[in-house]
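Take a look at the structure below.
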Amino acid sequence: MSDTEHSESGSRPSNFIRNIIDEDIRNNKNGGRVVTRFPPEPNGYLHIGHAKSILLNFGLAEDYNGHCNLRFDDTNPHKENIEFVEAIKKDVAWLGCDWGDRLFFSSDYFDALYEFAMQLIKKKKAYVCDLSAEAMREYRGTLTEAGKDSPFRNRTVEENLDLFARMKAGEFEDGTKVLRAKIDMASPNINLRDPTIYRIRRGVIHHQTGAEWCLYPMYDFTHCLSDALEGITHSICTLEFEDHRPLYDWFLDTLETSCHPQQIEFSRLNLEHTVTSKRKLTELIESGHVAGWDDPRMPTIAGLRRRGYTPAALREFCRRIGVTKSDNVIEMGVLEGCIRDDLNKHSPRRMAVLNPLKVVITNFPEDDEVFEAANHPQDETFGVRKIPFSRELYIDRADFEEVPPKKYKRLIPGGEVRLRNAYVIRCDEVVKDSDGNVVELHCSYDADTRGKKPEGRKVKGVIHWVSARHAIEAEVRLYDRLFNHPTPDNSKDGLSYLDHLNPGSLRTLTRCYLEPSLGDASPGDQFQFEREGYFSLDSSCQPDHQTGERARSKSIFNRTVTLRDTWAKIEKKR
RNA sequence: UGGGAAAUCGUCCAACGGUAGGACUACGGACUCUGACUCCGUCAAUCCAGGUUCGAAUCCUGGUUUCCCAGCCA
């Protein structure tokens with residue numbers, strides 16, 4: 001396979017991190033090894049921004065014949081729980097990343113970290129501080145003014161050791177004491193103004209260590225040391241940690257560790273019309289704006305999966321957006337393009353009528369007919385399926401216009417249209433109710449147009465349909481962007497991101513008609529509903545335990561993405 | 001106003017002192033039993049001002065704009 005031509009799996013565009021690693025390998029730094037890690041905090045589900053990081057870290061490990069560790073950064077038991085741990089593992093694996101036996105927790109290192117902390121105390125580089133949180137904030141100074149030393153800064157090593165041991169023993173209440181690194185209260189980098197490295201949290205049950213600890217290390221202290229303990233070579237994180245790097249390096253330079261990983265920062269993903277912040281995603285759920293972490297409108301991996309996105313599409317997406325240090329906002333069209341490309345190639349075609357309008361073929365006999373239709377127009381390996389045709393059909397309301405706009409090529413009074421995979425029909429009569437609404441169409445078919453072009457005229461339009469008597473009734477959920485504003489959490493209009501919520505982000509259609517073959521679908525199965533888009537059977541549609549069959553009334557299809565629609569574009573411009 | 005970063009087509013990413021290139025989008029066309037797919041074509045950018053150089057997106061100087069940082073969160 002000549003790979004560089006293939007956009008999907010082949011070409012690996014270089015990026016600045018790969019350049020750094022290439023350089024490191026040339027210099028035989030780390031003995032040429034590459035070990036990365038993905039360090040999620042289990043305080044929520046993973047979102048598409050994490051996918052960028054996961055694919056970067058695991059991709060690097062794969063390409064450079066190294067390793068990537070999955071390490072849960074679980075130092076804050078207040079916010080974390082085991083449900084999130086399991087959800088994260090599921091999502092990482094679903095993306096196709098394999099951590100093998102390299103599953104770790106920062107909490108695995110709590111003992112070692114405690115030893116490191118004592119080492120720091122003994123080197124006079126850490127002290128127990130009794131300042132309250134508010135007092136500490138005052139002592140910290142501001143962005144433009146230096147802070148001042150804590151009155152507890154010069155406690156003796158012995159006193160600090162004793163106090164720290166008693167903190168561990170649970171003698172002190174939450175908030176009364178912390179352990180701080182002793183660096184420089186006048187540093188222009190606020191992170192270096194004697195940062196807290198241990199705080200007391202009594203009585204919380206940690207999902208990994210239970211009640212063993214009542215003091216927990218902070219991120220800055222934990223992360224660099226965990227990296228070192230695992231022999232990480234390249235510790236890749238997002239830009240907001242850039243000015244934590246001096247701290248990262250300070251701990252590793254001050255303490256005796258067997259290696260000193262290099263922290264490299266890249267810019268996080270921003271996607272138009274959504275938010276990617278765990279705090280905000282949590283808020284969306286708790287306030288009931290969405291149904292949960294896996295709501296198909298959520299930018300979470302679980303939401304995207306339920307929506308019908310594939311790992312391949314997300315991988316391609318991350319390949320297309322690249323990795324740099326510059327701030328970026330990716331258009332939703334990029335993500336949609338990726339899933340369309342994947343599903344176009346890999347999903348079988350079906351017909352489904354979302355907004356039904358009844359059509360009676362007046363000159364068609366009472367007996368049914370059965371057609372065979374290709375499951376994929378460009379790929380014969382998808383095979384064929386049978387589709388019943390009968391006297392009464394449904395077509396989509398949008399495929400009929402009494403007063404057609406210019407260039408409209410679907411059904412109009414007196415006009416002809418091709419029924420996909422079937423006959424050409426002519427609309428002879430429009431039946432309306434007393435309010436003037438179109439309720440039914442009476443049409444006639446040309447028996448000589450099955451599998452061939454009609455004689456002496458050309459029919460441009462092709463529309464989809466289902467046989468009324470054979471159709472499966474289903475619910476179809478149409479999703480749209482969750483937010484109307486492209487950057488809802490940074491809209492510069494004084495409004496909150498919640499103010500930009502799109503009230504039409506979910507439209508539920510309850511009386512849709514599907515061709516019968518769709519009755520066999522399983523949750524997660526994906527189809528192209530021709531001329532409509534890509535749809536996936538919702539995960540809630542589990543088969544009945546008794547019969548093993550899914551009740552037909554229970555079909556719920558999620559629209560993953562629409563087809564590209566140049567006609568809609570023309571109409572919009574009108 | 002302290003510190004740390006970033007600025008290249010509408011968007012994202014390349015170009016590593018030597019022809020500013022690709023992808024997405026947009027626009028135009030071909031094809032079509034999906035207004036899809038595919039194919040062909042077009043438009044479109046180096047933040048600004050100086051300097052170095054035969055030659056600057058790239059190096060230097062000075063500006064401008066944007067982002068991040070004052071958790072006992074990560």
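Letters go in sequence order (proteins before strands), and every chain restarts at 1. Note that the structure is predicted; figures quoted are calculated from it, not measured.
Contacts of A:Gly337 with the nucleic acid, taken as non-hydrogen atoms under 4.0 Å apart, are absent. Using a 4.0 Å heavy-atom distance criterion, A:Ser132 is classed as a base contact. Residue A:Thr222 is out of contact with every strand shown, counting any heavy-atom pair closer than 4.0 Å. A:Glu272 comes within contact range of no nucleotide atom at all, as no heavy-atom separation falls under 4.0 Å.
Under the 6.0 Å cut-off for aromatic ring centres, A:Tyr423 and A:Phe389 qualify, their centroids lying closer than that.
Nucleotides B:C60 and B:C69 are separated by 29 Å at their P atoms, to the nearest Å. Rounded to a whole angstrom, the distance from the C1' atom of B:U61 to that of B:G22 is 34 Å.
Evaluation of atom-type donor-acceptor distances gives a pair under 3.5 Å for the side chain of A:Gln378 against the base of B:C37.
Checking A:Asn270 against A:Thr487 by side-chain atom types alone, no donor-acceptor pair falls below 3.5 Å. Between the side chains of A:Tyr45 and A:Glu83, a donor-acceptor pair is found at a separation under 3.5 Å.
Checking A:Asp243 against A:Arg140, the closest nucleotide of RNA chain B that is more toward the 5' end is the one next to A:Asp243.
The pair A:Arg319-A:Glu316 meets the salt-bridge criterion, since a charged nitrogen lies less than 4.0 angstrom from a carboxylate oxygen.
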